[in-house]
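The block underneath contains the structure these notes are about, expressed in structure tokens.
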Amino acid sequence: MNRFRHALRLPRSRRRVAGLLLAGTLAGVLAPAPAAQARDTGPRPAACPEGLPDGTACYTGTDANGAHYAIAVPGRWNGALVVHAHGGPDLGDASDPGRSVEDLGRWRVVVDQGYAWAGSSYRRGGYGTRMAAADTENVRRLFVEEFGEPRRTYVHGQSWGGNVAAKVVETYAGKGGPYDGALLTNGVLGGGSRGYDHRVDLRVVYQYYCANLPRPEEPQYPLWQGLRHGSTLTTAGLRARLQECTGYASPPGERTALQQRNLDDILNVTGIPERTLESHLRFSVFTFRDIVHERLGGRNPFSNRGVRYSGSHDDKALNAGVERFSADPAAVRDLSYDSDLTGRVEIPVLTLHAKDDPTAFVEHEAAYRDTLRGAHRDRWLVRTFTGEHEHSALSDAEYATSLAALDRWVRTGQRPTPRSVAASCPAFDQVYATGCFYDPAFRPAPYASRVLPRPGGTSWPAMTAAREKAWSRVPGVGIAP
């Protein structure tokens, strides 16, 4: 466990300018330098996003790999640091200079609670869990180099960032490592080799009913590609095709009978909520294209062999007509090595998940519990659940509660319970008035109850520590940064 070594020191060679910022009121929108001029730059003073506490000092820069980052240190710093891993993945070719800044504004409750904050935008868009974990660790090291060793260091990940943060825990947070605890919120914790199977199913079931992605007159391609290489289809074009087939954006009374039946069948078979149908389909098209074409050299990591689909108006016809394919074992290995979790955890991990998360289903928490249990490390895990219905944002009072519970666990060694965490929330809600929605009695159903398992896909962890070690010796394994 880390120990506080010294109080905040301002970035060397920048202390005079930063002092001026500390003396003034910081407002406005953080404005990082343009990407062309911001490569490998140390933290530079910048205006903080709106809503951060007065007296907060904010900085931006770019690391040696080209990843933009943002740092914030509150005037009343408690000596601890939260390193943030953002979700996505975004699909731009380069690091997004605004992403870490936007997340700093979104999770300003962290700074409001007295923690310093550091977040990376990652060196590029596109899939790459280990790459994102390395960039997250890089921004922690930059913080330490400039400001000194924090008293305690926590990693936080939201959505796909939960997968990234969990990979940080397994890769960089062993005994005596720099991280003291982790907070994973609405995390994609099933890993890449199984965590997207419901979107594989959506891709093939959608095409069975809609036959417009691709259309019969367009160049054909196997659906596991998501989209053929070189396609000019846009998100607007995808929405138009989804609307054409299902009328999803129209009131029910304005849909044709065929549109309503198509929509009902797609939703019933895949279990995807209607309100996030479009976003799941976008992932199964554009992100799958990134994974297959850009990260795996055109190889297929997905399979739906042996999967029986049910819930439609004619399951026999669906199963006879839906496209089937088998994965390339080497592609599965590379995706698994990049993003699956071994459960090799040696620090406290607290999770917070909305029971009705429509994007990263709450059953991901069952997969993560089973992963740690399979590695005999579940003593390091405490899971909490709320009755909320959102994926990208939960109650500020709950974020503050979760940070306090994790910090107390690390400081005292006393493992919290879902009930004790819930009981401490009302005190924070007196400050934030955003509500406490904890359900201490809730336990998610197994992952396979929500996402149709592939043969052999019900045991966890999906990648054991021994397999990870063996694969690590394979030249070029995984996904390149």
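Bear in mind that the values here come from a model prediction, so they are computed numbers and not experimental data.
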As a quick check of understanding, evaluate side-chain contact (heavy atoms from CB on, under 4.5 Å) for Arg241 and Leu233, giving each step before the final call.
CA-CA 10 Å; Arg241 296 188 189 210; Leu233 183 72; 3.9 Å; yes
Quick one: do [X] and [Y] make a salt bridge, cutoff under 4.0 Å?
X	Y	result
Arg124	Asp93	no
Arg255	Glu274	yes
Glu137	Arg141	yes

Thr246/Gln259 under side chain to side chain donor-acceptor pair (under 3.5 Å): CA gap, chis, key distance, verdict:
CA-CA 4 Å; Thr246 67; Gln259 285 178 328; over 6 Å; no
So which heavy atom on [X] is nearest to which on [Y], and how close?
X	Y	answer
Arg194	Gly457	NH1-O, 3.4 Å
Cys245	Tyr206	CB-OH, 4.2 Å
Asn163	Thr129	OD1-OG1, 3.8 Å
Pro43	Tyr59	CB-CB, 3.8 Å
Ala72	Val111	CB-CG2, 4.1 Å
Ala366	Ala445	CB-O, 3.2 Å

Can you find a side-chain donor-acceptor pair between [X] and [Y] that sits under 3.5 Å?
X	Y	answer
Tyr309	Asp201	yes
Asp340	Ser193	yes
Ser310	Asp315	no
Gln158	Thr185	yes
Glu363	Tyr368	no
Ser159	His391	yes
Ser100	Ser120	no
Thr434	Ser395	yes
Arg203	Asn304	no
Arg305	Ser326	yes
Asp290	Thr287	no

Rounded to the nearest 0.5 Å, what separation is found between the [atom1] atom of [X] and the [atom2] atom of [Y]?
X	Y	atom1	atom2	result
Leu281	Thr276	CG	OG1	11.0 Å
Leu223	Arg228	CG	CZ	13.5 Å
Thr136	His84	OG1	NE2	8.5 Å
Leu189	Thr371	CG	OG1	8.5 Å
Leu183	Tyr399	CG	OH	8.0 Å

Which side-chain N or O atoms in residues 468-481 pair as donor and acceptor under 3.5 Å with protein atoms at least two apart or in another chain?
residue, atom, partner, partner atom, Å
Glu468, OE1, Arg344, NH1, 2.8
Glu468, OE2, Arg130, NH2, 2.6
Ser472, OG, Lys469, O, 2.5

Measure centre to centre between the rings of Tyr122 and His68, then say whether the value is under 6.0 Å.
no
Does the separation of the ring centres of Trp160 and Tyr127 fall below 6.0 angstrom?
yes
Give the C-alpha distance, both sets of side-chain angles, the deciding distance and a yes or no for side-chain contact (heavy atoms from CB on, under 4.5 Å) between Thr386 and Asp439.
CA-CA 5 Å; Thr386 79; Asp439 184 349; over 6 Å; no
Decide yes or no for [X] and [Y]: does some side-chain heavy atom of the first lie under 4.5 Å from some side-chain heavy atom of the second?
X	Y	value
Ile266	Leu202	yes
Leu452	Asp197	no
Leu104	Leu52	yes
Val200	Phe325	yes
Leu341	Pro461	no
Leu381	Thr351	yes
Trp117	Ile71	no
Leu267	Leu263	yes

Side chain to side chain donor-acceptor pair (under 3.5 Å) between Asn138 and Tyr69, intermediate numbers included:
CA-CA 10 Å; Asn138 281 344; Tyr69 61 85; over 6 Å; no
Trp224 six-ring centre to Arg299 NZ/CZ under 6.0 Å and within 45° of normal
no
Could Arg199 and Phe283 be counted as a cation-pi pair, given that NZ or CZ must be under 6.0 Å from the ring centre and within 45° of the axis?
yes
Test salt bridge (charged side-chain N to carboxylate O under 4.0 Å, His left out) on Lys355 and Glu388 and set out the steps.
CA-CA 6 Å; Lys355 294 192 299 183; Glu388 290 162 286; over 6 Å; no
Under the salt bridge (charged side-chain N to carboxylate O under 4.0 Å, His left out) rule, what do Glu102 and Arg106 come out as? Steps first, then yes or no, please.
CA-CA 6 Å; Glu102 293 167 4; Arg106 180 186 298 180; 5.9 Å; no
Show me the pairs that pass ring-ring contact (aromatic ring centres under 6.0 Å, His included) and involve residues 228-275, at least two apart or across chains.
His229-His293
Do the rings of [X] and [Y] sit parallel, tilted or perpendicular, given the 30° and 60° boundaries?
X	Y	value
Tyr196	Phe288	perpendicular
Trp460	Tyr447	perpendicular
Tyr154	Tyr115	perpendicular

In sequence, state the C-alpha distance, the side-chain angles, and the governing distance for Phe361 and His280, and then conclude on ring-ring contact (aromatic ring centres under 6.0 Å, His included).
CA-CA 12 Å; Phe361 303 145; His280 282 284; 5.7 Å; yes
Under the side-chain contact (heavy atoms from CB on, under 4.5 Å) criterion, do Thr464 and Thr342 qualify, and how do the steps go?
CA-CA 5 Å; Thr464 64; Thr342 67; over 6 Å; no
Qualifying residue, where the test is salt bridge (charged side-chain N to carboxylate O under 4.0 Å, His left out) with Asp135 and the options are Arg123, Lys167, Arg140, Arg99
Arg123
side-chain contact (heavy atoms from CB on, under 4.5 Å) assessment of Arg324 paired with Asn319
CA-CA 9 Å; Arg324 301 281 181 175; Asn319 282 281; 3.1 Å; yes
